[in-house]
Amino acid sequence: MTGNIIARRYARALFSLGKKAGSEELKAFGKELDALAGVIKSTPELGKIFRNPIISIDEKKAVLASLLDKGQVSAIFRNFCNLLADKDRLSTIPEIQAFYNVLLDADQGVVRGELITAIKLPKAKCDKVKSQLEKQAGQKLFLSFSTDKSILGGVVLKVGDKVLDASLRAQLGILKENIKRGE
């Protein structure tokens, strides 16, 4: 819980810097943060190094500097990462990245969602569903599509913090509860 609060604070701070610098910088910080978080997520040893209290901050900064040197990052982002290293918060970069993306989406009027079906939908159907949902929401929607055979049929739509479960599994569960209660 504490890590989440800390990550949110740092994400807001970086977002604030990006807003002051302009929309291009705001997006650039997001891309730089995505790249760094992606490297940390894909290399578990790196996460262990950043979490390990035995490894000194200077050693962590050296590892961070080598990572940042491989990608062309802005001076502000480099300073932000060095601040994280000084405060021993490098392990929170993936959480910072996740919340930064939430802030960026909200600023740009974008909503992210996921549509889960029992079978894979054709591309044309996916595009049609996405356009209808964008029209209903009145916002730009980034919708990912996935399959889950356990829902049996229907769809489960997750947009933001809302979930619409119109799956056959859910309907059968409701029917089962009604039968148990004698309705």
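Note that the structure is a prediction, hence the values are computed from the model and not measured. Here, residue 1 is the first one in the sequence, and each next residue gets the next number.
- Under the 4.5 Å side-chain heavy-atom criterion for Ile, Leu, Val, Met, Phe, Trp and Tyr, Val102 and Phe142 are members of distinct hydrophobic clusters.
- What you find for Thr92 and Arg89 is that their closest heavy atoms are OG1-O, 2.6 Å.
- Neither Ile57 nor Ile49 shares a network with the other; the hydrophobic side chains, linked directly or stepwise wherever heavy atoms of I, L, V, M, F, W or Y lie under 4.5 Å apart, form separate groups for each.
- Phe15 is not connected to Val110 by any chain of hydrophobic side-chain contacts under 4.5 Å among Ile, Leu, Val, Met, Phe, Trp and Tyr, and they are in different clusters.
- Distance alone, capped at 3.5 Å, is enough to place a donor-acceptor pair between the Lys60 side chain and the Phe50 backbone.
- Ser91 approaches Arg51 most closely through the heavy-atom pair CB-CG, 3.4 Å.
- Proximity of Thr117 to Val156: side-chain heavy atoms (C-beta onward) are nowhere separated by under 4.5 Å.
- Distance alone, capped at 3.5 Å, is enough to place a donor-acceptor pair between the Asn82 side chain and the Arg78 backbone.
- Taking the side chain as every heavy atom from C-beta outward, Glu134 and Gln139 never approach each other to under 4.5 Å.
- At least one donor-acceptor pair closer than 3.5 Å links the side chain of Glu59 to the backbone N or O of Ser56.
- Between atom CD1 of residue Ile119 and atom CG of residue Asp148 there is a gap of 13.0 Å, rounded to the nearest 0.5 Å.
- Think of Val111 as one node in a network of Ile, Leu, Val, Met, Phe, Trp and Tyr side chains linked at under 4.5 Å; its network also takes in Leu115, Leu121, Val129, Leu133, Leu141, Leu143, Phe145, Val155, Leu157, Val159, Leu164.
- Other residues, nucleotides and ligands contribute over 12 non-hydrogen atoms within 6.0 Å of the NZ atom of Lys130.
- Among all heavy-atom pairs drawn from Ser150 and Arg169, the shortest one is OG-NH1, 2.9 Å.
- Atoms CG and CG, from Leu90 and Leu64 in turn, are 5.5 Å apart once rounded to the nearest 0.5 Å.
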Requested in this report: Given side-chain contact (heavy atoms from CB on, under 4.5 Å), test Leu168 with Leu172 step by step and report yes or no.
Outcome: CA-CA 6 Å; Leu168 189 55; Leu172 289 172; 4.3 Å; yes
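- Counting heavy atoms from C-beta on, the side chains of Ile116 and Lys158 come closer than 4.5 Å.
- If you take CD1 on Ile93 and CG on Leu46, they are separated by 8.5 Å, rounding to the nearest 0.5 Å.
- Considering only residues two or more places apart in sequence or on other chains, Ala13 meets the side-chain contact (heavy atoms from CB on, under 4.5 Å) condition with none of them.
- A pairwise comparison of heavy atoms in Glu114 and Ser146 identifies OE2-OG, 2.9 Å as the closest pair.
- A pairwise comparison of heavy atoms in Ala85 and Lys61 identifies CB-CG, 3.5 Å as the closest pair.
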Report task. Evaluate the criterion side-chain contact (heavy atoms from CB on, under 4.5 Å) for residue pair Phe77 and Leu68; output intermediate values, then yes/no. Result -> CA-CA 9 Å; Phe77 186 73; Leu68 295 177; 4.1 Å; yes
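- In this structure, the side chain of Ser167 engages the main chain of Ala170 through a donor-acceptor pair within 3.5 Å.
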Query raised in the report: How far apart are the C-alpha atoms of Ile55 and Val63, what are their side-chain angles, what is the distance that settles it, and do they pass the side-chain contact (heavy atoms from CB on, under 4.5 Å) test?
Result: CA-CA 11 Å; Ile55 298 173; Val63 171; over 6 Å; no
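- In this structure, CG on Leu84 lies 11.0 Å from CD1 on Ile6, to the nearest 0.5 angstrom.
- Interatomic distance, CG of Asp86 versus SG of Cys81, reported as 11.5 Å (0.5 Å rounding).
- Taken from CG in Leu103 to NZ in Lys19, the straight-line distance is 10.0 Å, to the nearest 0.5 Å.
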Acceptor/donor pairs from residues 23-40 side chains to any protein atom, 3.5 angstrom cut, sequence neighbours excluded:
unit_1	atom_1	unit_2	atom_2	d
Glu32	OE1	Ser74	OG	3.4
Glu32	OE2	Ser74	N	3.0
Asp34	OD1	Gln97	NE2	2.8
Asp34	OD1	Asn101	ND2	3.2

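- Using a 4.5 Å cut-off on side-chain heavy atoms (C-beta onward), Phe80 and Tyr10 make contact.
- For Lys120, the NZ atom is loosely surrounded, since the number of other residues' heavy atoms within 6.0 Å does not exceed 12.
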